[in-house]
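Input: a single structure, listed below in structure tokens.
Heads up: numbering here begins at 1 and tracks the sequence. Numbering of ligands and ligand atoms starts at 1, following listing order.
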Amino acid sequence: MAILKILQYPDERLHKIARNVMQVNEATRKLVSDLAETMYAAPGVGLAATQVDVHERIIVVDISETHNQLKVFINPEIIARSGISDCEEGCLSVPGIYETVTRAEKITARALNEKGEAFTLNAEGLLAVCIQHEMDHLVGKVFVEYLSQLKQNRIRAKLKKRLRETM
Ligand code: GNR
Ligand code: NI
């Protein structure tokens with residue numbers, strides 16, 4: 001297991017589009033376990049492979065406080081969505097920034113697990129928010145892109161300044 005480096009916004013690599021996993025194998029499972037370890041160490045409730053500069057459609061989510069409800073989604077799709085809900089979101093790639101984003105309230109996701117088996121999951125609340133947030137990462141979208149251009153510019157300037165100060 002290894003803790004991987006999380007890309008920090010604004011890094012262009014966060015905007016790459018991930019490709020599908022063709023075969024779920026040992027290398028996939030190693031990456032999943034590293035993603036989980038990196039998410040728990042951060043700590044965060046989700047992590048997408050994109051955030052560690054691996055551009056494959058893999059996300060991990062665990063919204064439990066006890067860190068024992070890991071959910072792995074390989075090649076995830078949202079096959080149904082309903083309702084709308086506002087949630088204050090944060091992102092491990094955009095540290096210290098919390099903003100409200102509007103998303104579907106309930107979703108049905110379909111994906112493969114770490115054994116390569118297909119499953120579907122109904123989610124609502126934080127779990128639904130988190131799955132949508134992570135799936136956005138796989139298509140190169142960071143949550144701040146839902147905000148006004150003015151807010152995005154401010155966030156970018158703030159994080160660039162912070163990066164300079166810590167180098
Ligand atoms: O740790 C995280 N918390 C969070 C809170 C509200 C909405 C979404 C998230 S996901 C985030 C981890 C992360 O950046 N995943 O990509
Ligand atoms: Ni994120």
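- With hydrogens and angles ignored, the 3.5 Å screen pairs a side-chain donor or acceptor of Gln152 with a backbone N or O of Leu147.
- Ion pair Asp136/Arg103 flagged as a salt bridge, since at least one NZ, NE, NH1 or NH2 atom sits closer than 4.0 Å to an Asp/Glu carboxylate oxygen.
- Counting just the N/O/S atoms of His133, the one with the shortest distance to the Ni ion (ligand 2) is named NE2.
- Taking the charged nitrogens against the carboxylate oxygens, Glu165 and Lys161 do have a contact shorter than 4.0 Å, which makes a salt bridge.
- The main-chain N or O of Lys115 is found under 3.5 Å from a side-chain atom of Asn113 such that the two form a donor-acceptor pair.
- Annotation: ligand 1 has protein neighbours Gly44, Val45, Gly46, Gln51, Glu88, Glu89, Gly90, Cys91, Leu92, Val129, His133, Glu134, His137, each with a heavy atom less than 4.0 angstrom from the ligand.
- Between the side chains of Thr100 and Asp86, no donor-acceptor pair is found at a separation under 3.5 Å.
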Under the side chain to side chain donor-acceptor pair (under 3.5 Å) rule, what do Ser93 and Gln51 come out as? Steps first, then yes or no, please. CA-CA 7 Å; Ser93 294; Gln51 291 175 278; 3.1 Å; yes

